[in-house]
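Computation of the quantities below employed the complete heavy-atom set of this structure, encompassing side-chain atoms and omitting hydrogens, waters and symmetry-equivalent molecules.
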Amino acid sequence: MSALPEVGLRLLDPRLPGWGFPRWGSAAAAGLDLHACLDASLILPPRSAPVLIPAGFCVLIGNPDWCGLIFPRSGRGHRDGLVLGNGTGVIDADYEGPLMISAWNRDDAHPIRIEPGDRIAQLVFTRVTRPVLTVLEDEPGSGSGRRAGGFGSSGR
């Protein structure tokens with residue numbers, strides 16, 4: 001297995017170090033906490049359009065064997081309904097622009113308040129595998145016996 005890549009961080013918001021960035025929530029945490037780099041409080045109404053919130057930095061992965069994935073923070077997602085408007089954000093190794101967090105309130109009734117500096121998402125680094133793709137000429141599923149049933153067709 002190759003060594004871990006060195007990932008560069010270009011801080012765009014001078015408040016980040018004061019908020020404790022960069023840090024993982026614990027020694028075994030997979031996700032790097034991402035802060036809302038807002039100038040004022042933000043209210044996300046229930047089920048309204050997603051809002052892009054600056055994370056205040058650029059990430060420079062560089063190594064094409066790695067990428068970054070942005071996920072919601074578990075507690076805020078479960079307890080408050082704060083999730084990502086795009087499900088999961090993917091940061092390609094060659095992207096060097098500012099990180100933005102697509103925040104969405106999935107709750108049906110209650111607004112969500114986000115304060116400057118709130119930890120609202122997490123960035124996980126993971127390896128990327130690019131298999132060799134082969135275009136096949138035979139029918140789908142001819143080797144597995146499952147065919148094209150999909151979505152639970154193999155049983156419980």
Report summary line: So CZ of R23 and CG of L16: to nearest 0.5 Å the spacing works out to 10.5 Å
Query raised in the report: Is the backbone N or O of P72 less than 3.5 Å from a side-chain atom of Q122, with the two atoms forming a donor-acceptor pair by type?
Result: yes
Query raised in the report: Which hydrophobic side chains are connected to W104, either touching it within the sub-4.5 Å cutoff or through other members that do?
Result: V83
Query raised in the report: Just by modelled atom types, is the R106 backbone N or O under 3.5 Å from a matching donor or acceptor in the R47 side chain?
Result: yes
Report task. Sort and list the pairs that fulfil side-chain hydrogen bond (donor to acceptor under 3.5 Å, both in side chains) and have at least one residue in residues 6-17, not counting sequence neighbours. Result -> D13-R15
Query raised in the report: Mind checking whether H35 and F21 have parallel, tilted or perpendicular rings, split at 30° and 60°?
Result: perpendicular
Query raised in the report: SG/C67 to CG/D94 distance, rounded to the nearest 0.5 angstrom?
Result: 11.0 Å
Query raised in the report: For the atom pair OG (S41) and CD1 (I114), what is the distance rounded to the nearest 0.5 Å?
Result: 10.0 Å
Report task. Report yes or no: does D107 contribute a side-chain atom to a donor-acceptor pair with the main-chain N or O of A109 at less than 3.5 Å? Result -> yes
Query - Approximate separation, where rounding is to 0.5 Å, of N105 CG and S48 OG - result: 6.5 Å
Report task. Could you give me the CA-CA distance, side-chain angles and deciding distance for R113 and D118, then say whether salt bridge (Lys or Arg N to Asp or Glu O under 4.0 Å) is met? Result -> CA-CA 10 Å; R113 181 183 196 92; D118 279 357; over 6 Å; no
**Report entry** Flag side-chain contact, heavy atom, 4.5 Å: P17 against L11
**Finding:** yes
Requested in this report: Drop me the distance from N86's CG to S102's OG, to the nearest 0.5 angstrom.
Outcome: 4.5 Å
Requested in this report: Please check if the side chain of R119 supplies one atom and the backbone of A36 the other of a donor-acceptor pair under 3.5 Å.
Outcome: no
Report task. Take H110 and D80 through the side-chain contact (heavy atoms from CB on, under 4.5 Å) test and state the conclusion after the steps. Result -> CA-CA 8 Å; H110 305 288; D80 302 335; over 6 Å; no
Report summary line: Given the options I70, I101, D33, L69, L123 meets side chain to side chain contact (heavy atoms under 4.5 Å, CB included) only with I70
Report task. Could you check I120 against R76 for side-chain contact (heavy atoms from CB on, under 4.5 Å), going step by step and ending with a plain yes or no? Result -> CA-CA 7 Å; I120 60 169; R76 298 259 353 228; 4.1 Å; yes
Report task. Decide yes or no on side-chain contact (heavy atoms from CB on, under 4.5 Å) for F125 and V59, but give the supporting numbers first. Result -> CA-CA 11 Å; F125 296 96; V59 62; 4.0 Å; yes
Requested in this report: Would you please name every residue forming a ring-ring contact (aromatic ring centres under 6.0 Å, His included) with F71, sequence neighbours left out?
Outcome: none
Report task. Determine, stepwise, if the pair V128 / W66 fulfils side-chain contact (heavy atoms from CB on, under 4.5 Å). Result -> CA-CA 5 Å; V128 173; W66 290 83; 5.6 Å; no
Query - Inter-residue atom distance L42.CG - I112.CD1, 0.5 Å rounding - result: 10.0 Å
